[in-house]
Amino acid sequence: MTAWAVVEAVLPASVEDPAAGAVVGAHRLNAEVQRRTWGHDDFTEPVQHWLRTLRDQEYAERVVLVAVAAAPGAAPPAGVAGVEDRDVVGAVVVELPRAGNAHLAELEVWVDPDRPLEGIGTALVDAAERLAAERGRTTALVTTAHRGEPPAGHPDALTAASGRGRLDASVPGVRFAARRGYVPEQAERYSVLDVPLDDAALAAHLDGAASVAGPDYRVHSWTDRAPDAWLDDVAVLLTRMSTDIPQAALDLEEDPWDAARVRHREDVAAATGRGFLVTVAEHVPTGRLAAITQLEHSVSQPACAWQDATLVLREHRGHRLGMLVKAANLRHTARVRPATRRVHTWNAEENAHMLAINVALGFRPAGVEAIWQRTL
């Protein structure tokens, strides 16, 4: 078996930097894992954009650890110097939130699909958990992705702790997480919508929702940057995304947003070739925003967009605002980004209301992502 070792990658300013081999190798592995899991490249951004995101440390510390193989007969590397892209056989990104949830460590783990059962994943997670503990983190979260969902009653079906959503317990990633003491607290349904929607069908959704919402609610849409007048309200809505959606038993606290954080996120997105398609619902009597939905898009992937956030404040629920803003944003997307053909979204399986909206719009189930939790 080829020798390998885990080292921390540097995050250089450019992928052309001689020290960028470890990060470039980690990106290559991520792309291959995504391709084999989902059968497409919609979740893989250009490596230079990914590096820019990693280097953004304002609201979260991001550390990349890589497993690096040595040449046959050679000793494994003691550090990251001289690491080549082709030598990276595994990687883990450790994200440590700074603004809120300072007790958390969020891990993304990728192992070369052609090198299973060599202990690479174990060594990477060992190193990531040590790093998290050294930073004072007490809870670790990791996700596993599944292209399908086993039927109820299947001998290998593992139900998430929330009671909704099933995983295939025979999948290596599931067995690995369970052996390490992680609990699958929540399952999210991954769904895809083919767009643009038929004009008449979309109009029916919009008109039906607007008739229930009535004149007290008015929609507004924008692309990429929020108008200054709405910045504070957008920050409130994004903060409430961390408290008002189903969280199962995940050890999550409020994640606070303010106007500066909203602008920072927009600036980083612009610097990495990404942007946002946003629709909000204004509560006319108060002039405050009551609901938001956001799609994220990338100039490198014009055919797809990703659902980023949809929220209706608790005090404004019951007026079909969720359908109102989502349908309006799909119309906005068709108008300003007509090349879009697919929208990807993820929703907790216990979030019955939002799932019902998605099903009504035509989203089709495409897989499951499980969120696993462990106390360090």
(request) Measure across L29 and D112 and return the closest heavy-atom pair with its distance rounded to 0.1 Å. (result) CD2-CA, 3.5 Å

(message) So which atom in A127 and which in V6 form the shortest heavy-atom distance, rounded to 0.1 Å?
(response) CB-CG1, 4.0 Å

(message) I want to check something: taking the side chain as every heavy atom from C-beta on, are E8 and V94 in contact at a cut-off of under 4.5 Å?
(response) no

(request) Using atom types as modelled and distance alone, determine if a side-chain donor or acceptor of H103 lies under 3.5 Å from a backbone N or O of D251. (result) yes

(message) To the nearest 0.5 Å, what is the distance between OG1 on T272 and CD on Q48?
(response) 10.0 Å

(request) Give a yes or no on whether V278 and L231 share a hydrophobic cluster (residues Ile, Leu, Val, Met, Phe, Trp, Tyr; joining criterion: side-chain heavy atoms under 4.5 Å apart). (result) yes

(request) Go through the steps for R180 and D126 under the test side-chain contact (heavy atoms from CB on, under 4.5 Å), then give the verdict. (result) CA-CA 10 Å; R180 293 200 61 96; D126 281 346; 2.7 Å; yes

(message) Q373 vs Q186, test: side-chain contact (heavy atoms from CB on, under 4.5 Å). Steps then yes/no.
(response) CA-CA 9 Å; Q373 178 170 272; Q186 190 174 59; over 6 Å; no

(message) What's the separation between atom CZ in R337 and atom OG1 in T223, rounded to the nearest 0.5 Å?
(response) 10.0 Å

(request) May I ask you to decide whether R166 forms a salt bridge with D156, counting only side-chain N to carboxylate O separations under 4.0 Å? (result) no

(message) Within the structure provided, determine whether V325 and V280 are in side-chain contact (heavy-atom separation under 4.5 Å).
(response) no

(message) Can you tell me how far apart CG (N351) and OG1 (T310) are? Round to the nearest 0.5 Å.
(response) 9.5 Å

(request) Say whether, by atom type as modelled, one donor and one acceptor occur between the side chain of S211 and the main chain of G208 under 3.5 angstrom. (result) yes

(request) Could you check T293 against Q307 for side chain to side chain donor-acceptor pair (under 3.5 Å), going step by step and ending with a plain yes or no? (result) CA-CA 8 Å; T293 191; Q307 186 68 56; 2.8 Å; yes

(message) Within the structure provided, determine whether V33 and P113 are in side-chain contact (heavy-atom separation under 4.5 Å).
(response) yes

(request) With side-chain contact (heavy atoms from CB on, under 4.5 Å) as the test, would you mind laying out the steps for W257 and L237 before giving the verdict? (result) CA-CA 9 Å; W257 286 71; L237 286 160; over 6 Å; no

(message) Under the rule for side chain to side chain contact (heavy atoms under 4.5 Å, CB included), what residues qualify as partners of D233, not counting sequence neighbours?
(response) W230, R288, L289

(message) Between I371 and T143, is there a side-chain heavy-atom distance shorter than 4.5 Å?
(response) yes

(request) Examine distances only and state if a side-chain atom of E349 and a backbone atom of S162 form a donor-acceptor pair shorter than 3.5 Å. (result) no

(request) Would you indicate whether the side-chain heavy atoms of L324 and L206 approach each other to under 4.5 Å? (result) yes

(message) Taking side chain to side chain contact (heavy atoms under 4.5 Å, CB included) as the criterion, tell me which of Q301, E45, E266 meets it with R274.
(response) E45

(request) Report yes or no: does R28 contribute a side-chain atom to a donor-acceptor pair with the main-chain N or O of D85 at less than 3.5 Å? (result) yes

(message) So that I know where these two stand, are H344 and H40 an aromatic pair - ring centroids less than 6.0 Å apart?
(response) yes

(request) Could you check F276 against H297 for ring-ring contact (aromatic ring centres under 6.0 Å, His included), going step by step and ending with a plain yes or no? (result) CA-CA 6 Å; F276 303 97; H297 63 87; 7.5 Å; no

(request) Would you confirm whether R317, through its side chain, and G322, through its main-chain N or O, come within 3.5 Å as a donor-acceptor pair? (result) no

(message) So, taking the atom named NZ in K326 and the one named CG in L193, what distance separates them when rounded to the nearest 0.5 Å?
(response) 8.5 Å

(message) Suppose we screen for salt bridge (charged side-chain N to carboxylate O under 4.0 Å, His left out). Which residues come up paired with D194, at least two apart in sequence or across chains?
(response) R364

(message) Test of understanding: clusters of I, L, V, M, F, W, Y form through side-chain heavy atoms closer than 4.5 Å, transitively. Do W372 and L250 belong to the same one?
(response) no

(request) Specify the closest pair of heavy atoms between T279 and H332, including all atoms of both residues, with the distance to one decimal. (result) OG1-CB, 4.4 Å

(message) Would the distance check show the side chain of R164 and the main-chain N or O of A352 forming a donor-acceptor pair, the cut-off being under 3.5 Å?
(response) no

(message) I'd like to know if E108 pairs up with R62 as an ion pair, taking the criterion as any Lys NZ or Arg NE/NH1/NH2 lying under 4.0 Å from an Asp or Glu carboxylate oxygen.
(response) no

(message) Are more than 12 heavy atoms, taken from residues, nucleotides or ligands other than D199, located less than 6.0 Å from that residue's CG atom?
(response) no

(message) For a quick test of reading the model, state the closest non-hydrogen atom pair linking L104 to P97 and the distance between them.
(response) O-CD, 3.5 Å

(message) Donor-acceptor pair, distance only, cut-off 3.5 Å: does the side chain of S242 make one with the backbone of L238?
(response) no

(message) Between D41 and Q34, is there a side-chain heavy-atom distance shorter than 4.5 Å?
(response) no

(request) Answer yes if I120 and V174 sit in the same cluster of Ile, Leu, Val, Met, Phe, Trp and Tyr residues linked by side chain heavy atoms under 4.5 Å apart, and no otherwise. (result) yes

(request) State, to 0.1 Å, how close L96 and A105 come at their nearest heavy-atom pair, and which atoms those are. (result) CD2-CB, 3.7 Å

(request) Could you tell me whether the side chain of T333 reaches within less than 4.5 Å of the side chain of V195, counting heavy atoms only? (result) no

(request) State the CG-CZ distance between L11 and R55, to the nearest 0.5 angstrom. (result) 7.0 Å

(message) One pair to check against side-chain contact (heavy atoms from CB on, under 4.5 Å): T345 and N358. What are the steps and the verdict?
(response) CA-CA 9 Å; T345 192; N358 287 345; 3.8 Å; yes

(message) Checking R341 against D42 for the salt bridge (charged side-chain N to carboxylate O under 4.0 Å, His left out) test, could you report, in this order, the C-alpha distance in whole Å, the side-chain angles of both residues, the deciding distance, and whether it holds?
(response) CA-CA 11 Å; R341 292 293 176 266; D42 283 4; over 6 Å; no

(message) Hydrophobic cluster membership, with links at side-chain heavy-atom distances under 4.5 Å among I/L/V/M/F/W/Y: are L295 and M241 in one?
(response) no

(message) Parallel, tilted or perpendicular, judged at 30° and 60°: which one describes the rings of Y59 and H264?
(response) perpendicular

(request) Might you work through the salt bridge (charged side-chain N to carboxylate O under 4.0 Å, His left out) test for R265 and D56, ending with a clear yes or no? (result) CA-CA 10 Å; R265 184 181 188 223; D56 173 30; over 6 Å; no

(request) Inspect the contact between R36 and E32 and indicate whether a charged nitrogen and a carboxylate oxygen are less than 4.0 angstrom apart. (result) yes

(message) Using modelled atom types and a 3.5 Å cut-off, is there a donor and acceptor pairing between side-chain atoms of N329 and backbone atoms of L277?
(response) yes

(message) If I compare all heavy atoms of R137 with all of N101, which pair ends up nearest, and what's the gap?
(response) NH1-O, 3.8 Å

(request) Identify whether V83 and V10 are in the same connected component of the hydrophobic contact network (ILVMFWY, side-chain heavy atoms under 4.5 Å). (result) yes

(message) Tell me whether R263 is salt-bridged to D228, with the criterion being a basic N under 4.0 Å from an acidic carboxylate O.
(response) yes

(message) Between R175 and D168 (salt bridge meaning N to carboxylate O under 4.0 Å), is one present in this structure?
(response) no

(request) Compare all side-chain heavy atoms of Y182 with those of V125 and state whether any distance is below 4.5 angstrom. (result) yes

(request) First locate atom CZ of R189, then atom CD of E369, and finally report the distance between them rounded to the nearest 0.5 Å. (result) 14.0 Å

(message) Under the ring-ring contact (aromatic ring centres under 6.0 Å, His included) test against Y190, which residue among W306, F363, W346 passes?
(response) W346

